[in-house]
Amino acid sequence: MSEPTRAGSTPIGVEVEAGKSYWWCSCGKSAKQPFCDGSHKGSEFTPQKYDASESKKAFFCTCKATANKPLCDGSHSRG
């Protein structure tokens with residue numbers, strides 16, 4: 001599997017709503033970071049679904065190196 005494109009160096013905070021689903025960009029090429037805009041088409045990447053269990057501010061990874069996909073785990077500061 002090829003490596004995703006690093007879309008940023010810091011997470012993006014998004015107010016998510018309980019019961020709603022969000023599609024996180026896993027390839028790093030979306031112009032609508034941190035969410036998918038279909039830029040992965042023709043690649044091995046697919047967006048990852050995030051179901052919000054509660055309304056809160058969630059911090060989505062943009063470096064694409066997180067082990068806690070789609071949320072940031074601080075990997076951007078380690079590399």
Side-chain angles (χ1 to χ4, degrees):
M1 182 173 195
S2 58
E3 294 293 316
T5 299
R6 186 179 179 106
S9 297
T10 58
I12 295 176
V14 177
E15 292 291 336
V16 297
E17 291 182 47
K20 286 196 170 186
S21 296
Y22 301 83
W23 292 94
W24 176 72
C25 167
S26 66
C27 72
K29 295 182 179 181
S30 173
K32 296 183 178 184
Q33 290 295 326
F35 302 118
C36 178
D37 69 359
S39 294
H40 65 277
K41 299 270 192 245
S43 76
E44 62 201 85
F45 293 97
T46 57
Q48 181 170 341
K49 186 177 182 184
Y50 173 79
D51 293 317
S53 58
E54 62 181 307
S55 294
K56 65 177 183 176
K57 190 168 198 173
F59 290 88
F60 290 88
C61 174
T62 61
C63 77
K64 311 304 178 187
T66 183
N68 189 32
K69 295 175 183 172
L71 303 177
C72 177
D73 69 358
S75 291
H76 60 274
S77 61
R78 293 190 280 276

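Position 1 is the first residue of the sequence, and the numbers go up from there.
Nearest heavy atoms, Glu17 versus Ala52: O-CB, 3.2 Å. Across Ser55 and Ala18, no two heavy atoms sit closer than the pair OG-N, 3.0 Å. Here the closest non-hydrogen pair linking Leu71 and Ala58 is CD2-CB, 4.1 Å. Residue Tyr22 comes nearest to Glu15 through the heavy atom pair OH-O, 4.3 Å, listed as atom of the first residue, atom of the second, then distance. Between Ala67 and Ser75 the shortest heavy-atom distance is N-OG, 4.4 Å. Between Gly38 and Cys36, the closest heavy-atom pair is N-SG, 3.3 Å.
In this structure, the separation between CZ on Phe59 and CG on Asp73 is 14.0 Å, given to the nearest 0.5 Å. Taking NZ from Lys20 and OH from Tyr50, the interatomic distance works out to 13.5 Å, rounded to the nearest 0.5 Å. Annotation: the span from Lys64 atom NZ to Thr5 atom OG1 amounts to 9.5 Å, rounded to 0.5 Å. Separating the SG atom in Cys27 from the CD atom in Glu44 is a distance of 10.5 Å, to the nearest 0.5 Å.
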Worksheet item: Passes side-chain contact (heavy atoms from CB on, under 4.5 Å), Thr66 versus Cys72? Steps please.
Response: CA-CA 6 Å; Thr66 183; Cys72 177; 5.5 Å; no
Worksheet item: After noting the C-alpha distance and the side-chain angles of Phe45 and Cys25, does the key distance pass the side-chain contact (heavy atoms from CB on, under 4.5 Å) rule?
Response: CA-CA 9 Å; Phe45 293 97; Cys25 167; over 6 Å; no
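A donor-acceptor contact shorter than 3.5 Å is absent between the side chain of Ser21 and the backbone of Asp51. Between the side chain of Gln33 and the backbone N or O of Gly8, no donor-acceptor pair lies under 3.5 Å. Panel note: side chain Ser30, backbone Phe35; a donor-acceptor pair is recorded below 3.5 Å.
For the residue pair Asp37 and Ser39, a side-chain donor N or O sits within less than 3.5 Å of a side-chain acceptor on the partner.
Trp24 is connected to Val16 through a chain of hydrophobic side-chain contacts under 4.5 Å among Ile, Leu, Val, Met, Phe, Trp and Tyr, so both are in one cluster.
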